[in-house]
Amino acid sequence: MPLTEKEIKELSQHARQLRKDILDVTFWAGGAHVGGSLSMVEMLVLLYYKYLNIDPKNPSMADRDRFVLSKGHAGAGLAPLLARRGYFDFELIKSFNKFKSPFGMHLDKHKVTGLDASTGSLGHGLPMAVGLALGARRQSMAWRTWCLLGDGECNEGSVWEAAMAAAHYRVTNLVTLIDRNRFMVDGGTEQVMALEPFADKWRSFGFAVKEANGHSFAELSAAFDAAIAEASAPTVIIAHTVKGKGVDFMENDVRWHYGGLDSDMLEKAKRRIDA
Amino acid sequence: MAEGLTWNVYDANTMTQADIYGEVLCKLGETNERIVGLSADLARSTKIGVFAARYPDRFFNAGIAEQNMFGMAAGLALSGLTPFVSTMAAFTTMRAAEQVRTDICYQNLDVKIIATHGGISFGQAGTTHHCTEDIAIMRSMANMTVIVPADGIECANAVVACLERPGPVYIRIGRGFEQACYSSDDYGFTIGKAVEITAGSDITLICCGITVLQAKEAARLLHESDGLSVRVINMHTIKPLDTEVILKAIAETRRIITFEDHNVYGGLGSAVSEVIAESGRACAFSRVGIPDCYSIVGYPEDLYNFYGLDTDGIVKKVREVMKRDFEEEENWEDGF
């Protein structure tokens, strides 16, 4: 079902809020994976406000949909969204990265309410998501597993081991999302370790491949719907995004993979989001 | 010298004590619907294939992809199931070490790992397929329980017991051809509680895995030939370690030797030595295992002999330690 104008407007407001929250977390934490958090905003907002069957008041609801943030370094993007969605008090995030805080840059499910898996080390999320999807099927549960990977993360062999298994076991109750922002720590993905032809790689592994502008709710929503309807193969959605999206001085600049902000920069960055 | 063994991977399923593991798992699976099995193209060799044949819908072969397999096991556990994972010890604890640590132990998930071909039990396969590091690696992972059964019956006991223990459990067995140490399964197996195989007051041998049976035999020989009273302890659980039994041995026998099919660094010997060192009490102590080298090729029986882990080696080592007349040295009495 296509999104209405009203829904898109509301989702856009949530996205703007999350972007500003990410900048605040980056400021409070003294540094965060800000670029890759900003690039995945629309995907997370669409999932958490529209697609995931969840109840923040009952975080361990048995039939909830599961979400695995395989690019676990983007915890600064997920934590504020979970708070805004009502899993815990937003004020708690002010301790991000601080001594004994429940929030480190890679989120721990034992400490952060609303997480389905602890992630951080790259290449681990998709194998766990395949296991979750198989577990749902084995127990005849209707919930769906969503897994968001970074594109650079797809250098890891375990991603392709999991892709092989997902196709072999036809886990159609799993949707894989890729934040294709084309940057990793050391530079552009095509310079450090080329991924292209990326879509063809997934196709050859037996996936139904959808591509979308990762900042367009309409395109993402169409891709999500198509993935849910896909009944013969696991689906991957390659979402083309901009690293640092929304903050002009961060966009497509590899230096903002991880960075810190002083109060002047914070205000300047927030003004860009509102512009 | 050992005679050449004549089995192959296809008829191994009909021969060994480790079959007991497969059968026990099948039996547990009858009443426990949560149990699922995984292997990485080694279902036959690891005996989990018996479970796979009985419950095809509850078994997942990950192919030769151990990292993904342990990640999948974590996901299955997150969904509420209890995965039993079996592949060779080397690939469990080294190829997929980070997945075992980060996906399973860090999240404290109910994944039971029965790793086979531990130590030098796959002697002919050579060093790549030996695994003399796993106990050290696994016992350094928080939340992990580490069990090294002495034989197939103890493996079966461990498999039953691990279901009652929430969280990750690592059970390390050999190739599945361990000779029987126990004649029945009702000797009181409890995770974390060592078993006294023979009583003795002169020296204590603390063993795990295949060395338990060898030490039991050595104790009998030493009693007959040397008149020695040798205590043999089966330390089947390396973590959590039964420290009481070690402290008791220090006090009562003053001499301890550990025997294990593992590098002398980091395994049973290290674990026991930590307890001795922290006890503040004097004790003649020696570790026997693979002496920090890459193990050589050969039939397991020959290798156990070569590394001093068979009955002959144990007898020799006990005589050597008994010759350390530390009681005649000054100041050895420390007041107990």
### B:Glu98 side chain to A:His124 side chain, donor-acceptor N/O pair below 3.5 angstrom
yes
### Task
Heavy atoms only, distances under 4.5 angstrom: which of A:Gly135, A:Ala136, A:Pro127, A:Ala133 has the most pairs with chain B? Name it, please.
A:Pro127
### Residue part contacting chain A, namely of B:Glu66, when any heavy atom lies under 4.5 Å
backbone
### Message
Could you check whether atom CZ of B:Arg139 has more than 12 heavy atoms from other residues, nucleotides or ligands sitting under 6.0 Å from it?
### Response
yes
### Summary
Rounding to 0.5 Å, atoms CG (A:Leu134) and CZ (B:Arg58) come to a distance of 14.5 Å
### Task
Check the surroundings of atom NZ in A:Lys111: do more than 12 heavy atoms from other residues, nucleotides or ligands lie under 6.0 Å from it?
no
### Query
Any idea which heavy atoms bring B:Leu81 and A:Arg138 closest together, and the distance?
CD1-CG, 3.8 Å
### Task
Check whether more than 12 heavy atoms from other residues, nucleotides or ligands sit under 6.0 Å from atom CZ of A:Arg84, and answer yes or no.
yes
## Note on the structure
Between A:Ala165 and B:Met72 the two heavy atoms that sit nearest each other are CB-SD, 4.0 Å
### Message
At a 4.5 Å cut-off on heavy atoms, which part of A:Asp116 comes close to chain B: side chain, backbone, both, or neither?
### Response
backbone
### Flag if over 12 foreign heavy atoms under 6.0 Å of CZ, A:Arg203
yes
### Message
Minimum heavy-atom separation for B:Asn61 and A:Tyr169, please, with both atom names.
### Response
N-OH, 2.8 Å
### Task
Applying side-chain contact (heavy atoms from CB on, under 4.5 Å) between A:Met128 and each of B:Leu76, B:Ile104, B:Asp103, B:Asn68, report the one that passes.
B:Asp103
### Message
Taking CE in A:Met193 as the centre, count heavy atoms belonging to other residues, nucleotides or ligands within less than 6.0 Å. Is the count above 12?
### Response
no
### Task
Taking all heavy atoms of B:Leu78 and all of A:Ala117, pick out the closest pair and write down the distance.
CD1-CB, 3.9 Å
### Message
I'd like to know whether CD of A:Glu196 has more than 12 heavy-atom contacts from other residues, nucleotides or ligands below 6.0 angstrom.
### Response
yes
### Message
Within a 6.0 Å radius of atom CD1 on A:Ile228, are there more than 12 heavy atoms belonging to other residues, nucleotides or ligands?
### Response
yes
### Message
Does atom NZ (A:Lys109) have a neighbourhood of more than 12 heavy atoms from anything else shown, all under 6.0 Å?
### Response
yes
### Task
Under 4.5 Å heavy-atom distance to chain A, tell me which part of B:Phe70 shows up: side chain, backbone, both or neither.
neither
### Query
Quick one: what part of A:Trp143 sits under 4.5 Å from any heavy atom of chain B, side chain, backbone, both or neither?
side chain
### Message
I'd like to know if the side chain of A:Gln139 reaches the main chain of B:Ser79, judged simply by a donor and an acceptor atom lying under 3.5 Å from each other, with no hydrogens or angles considered.
### Response
yes
### Query
Measuring heavy-atom distances to chain B, does A:Ala129 have an atom under 4.5 Å in its side chain, in its backbone, in both, or in neither?
neither
